[in-house]
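Here's the structure we're looking at; comments come further down.
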Amino acid sequence: MAAEPTAHELLRKHRPTLDQALEAIRTRAYWSPHPEHPKAYGENGSLDAAAGKAAFDALLGNRLDLADQPGIDDWVGGEVSPYGIELGVTYPHPDIDVLLPAMRAGQRAWRDAGPELRAVVCLEILKRISDRTHQFAHAVMHTSGQAFMMAFQAGGPHAQDRGLEAVAYAYAEQVRTPEQAEWTKPQGKRDPLVLTKRFTAVPRGIGLVIGCNTFPTWNGYPGLFASLATGNAVLVKPHPRAVLPLALTVRIARDVLAEAGFDPNLVALAAERPGEGIAKTLALRPEIKIIDYTGSTAFGDWLETNAHQAQVYTEKAGVNTVIVHSTDDYQGMLSNLAFSLSLYSGQMCTTPQNLLIPRDGIATDQGHKSFDEVTADIARAVDGLLGDDARANALLGAIVNPDVKARLEAAAGLGEVALASREVAHPEFPGAVVRTPVIVKLDGAKPDDEAAYMSECFGPVSFAVAVDSAADAVELLRRTVREKGAMTVGAYTTDAATEQAVEEACLEEAAQLSLNLTGGVYVNQTAAFSDFHGSGGNPAANAALTDSAFVANRFRMVEVRREA
């Protein structure tokens, strides 16, 4: 158990933040305790830009020391930045027969600490991560290929927000049931039956977080902190191309747990040798009771089918769709779509892929626009946005792996190219693979085209799909979400009936919808404490980040009854 002064200090320091987070998830209003601007860091123990870069550079070519983690049988590494540099960092490889029992040893004290103390320990971990946001930004950038500002924001404060959001939901669900109750049942003339009942939130076991390549912290933190805050130990298995950000997270978590008087082995790292495939082995271990996974549909389906001993939370692939029916702000629509298609080279699970446009064209504030005009104007908007190489590099980042590059190159052969992809040279990293998006025209009425637009083509690839009418667009949207799943849906329309039809389709198929976005909010961005990322109701994901369902089954309530 944590020493009382430490517990009191953590509660004094972080309880106000927890209360604000609880209020934010209740109201769904904007709130964040983590600054988005790089210049906000450098005081009160946080690293500024220079110190953060120096801290990142100091990691390169060295071991990331978790020497006190049990069962280390090797040191492994091999990450190569999408920007073309070898990181040279090595990480402990686990003997899982030694590590897993050691992780379970600390769960009793962690369980007995209770929801509030667990929550503020988690908030202390997040605070120390936040203090090192500049270091994490470089780690995320050089493992995911995100441009620096995106790596800073999405990999830093936005990821920390998602972690805090999970802690808030976890706390709220655990305290929904009182710790103790006096139960009295009248028995007429006889003495009443009187029981004292005590209720304890107990963890399921060890949670396994299987990290992804593109957003290691943003996608990793919700499951990590949801499981930890509900009393479970957590084993973090990063993607082999993106180990560093999650390894740094594990190191900080272990330090905080130890300082607070808990077993640091409540959080541990499972890095793997090249080609080892340790995720499958871990996923079937009886000690693993919770699995959080972001990645391919194939492996997500395998986990859901085979890991019967665990509660499995997956975010997989989907085919995100935007219906372009009509607009009263044509230029705003074009600019918004251009940014959405370009951000991080389309390597987001929320990026639009299919743009469904009536073949007879659309009504706009600039007059009627034909299908070909709309497609050409979207292409020009993307080209204009990315015409300057410096701005293109800042928005696109680098192609994360060769598979994305291969899909991009193959897409041009699927139909008429409305916008060709081009190479962009990076002035600082000549080894970076940077490509602008490709837009390909397809016909929704042609069976040969359906194989393309009904399959996810992850990366900077979009299809302008001609449809016969708004009704056909809604029906294709409905079928796409039902069969393939979607993390996001967008629609542009000035017609109330069409808007209602799109909304009803999304409600019935459980897809998150954004309508008529023409300003600085984009369909592929979600805000913690307010927006739900995924719904858990269509094939793209079986869970939402973050809601009560995401946390409530990570613990169970156990009751002890005594006669009073």
[X] side chain to [Y] backbone, donor-acceptor under 3.5 Å:
X: Gln353; Y: Gly318; value: no
X: Thr375; Y: Asp372; value: no
X: Thr488; Y: Thr350; value: yes
X: Asn213; Y: His239; value: no

Electrostatic pair [X]-[Y], nearest N-O below 4.0 angstrom:
X: Lys484; Y: Glu456; answer: no
X: Asp403; Y: Arg407; answer: no
X: Glu475; Y: Arg479; answer: no
X: Asp383; Y: Arg380; answer: no
X: Glu79; Y: Arg241; answer: no

Check the pair Thr494, Asp328 against side chain to side chain donor-acceptor pair (under 3.5 Å), reporting the backbone distance first and the verdict last.
CA-CA 7 Å; Thr494 57; Asp328 57 9; over 6 Å; no

Show the numbers, then the answer: is there a side chain to side chain donor-acceptor pair (under 3.5 Å) between Tyr492 and Thr518?
CA-CA 9 Å; Tyr492 291 91; Thr518 58; over 6 Å; no

Tell me, yes or no, whether the heavy-atom count around Glu86 atom CD, taken from other residues, nucleotides or ligands under 6.0 Å, exceeds 12.
no

CD/Glu23: more than 12 non-hydrogen atoms of other groups inside 6.0 Å:
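Yes, because the 6.0 Å sphere around CD of Glu23 holds more than 12 heavy atoms from other groups.
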
Check for me whether the distance between the ring centres of Phe339 and Tyr522 falls short of 6.0 Å.
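Yes - the distance between ring centres of Phe339 and Tyr522 falls below the 6.0 Å cut-off.
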
Within the 6.0 Å centroid threshold, strictly below: His533 and Phe550:
no

Polar contact flag, side-chain donor to acceptor under 3.5 angstrom, Asn524-Tyr344:
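Looking only at side-chain atoms, Tyr344 and Asn524 do not form any donor-acceptor pair under 3.5 Å.
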
Tested for side chain to side chain contact (heavy atoms under 4.5 Å, CB included) against Val404, the lone hit among Cys457, Ser345, Pro460 is Pro460

For Thr143, the option from Leu87, Val400, Leu246 that meets side chain to side chain contact (heavy atoms under 4.5 Å, CB included):
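With Thr143 as partner, Leu87, Val400, Leu246 yield a single side chain to side chain contact (heavy atoms under 4.5 Å, CB included), made by Leu87.
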
Check the pair Glu36 / His158 against side chain to side chain donor-acceptor pair (under 3.5 Å), numbers first and verdict last.
CA-CA 8 Å; Glu36 288 185 314; His158 297 172; 2.5 Å; yes

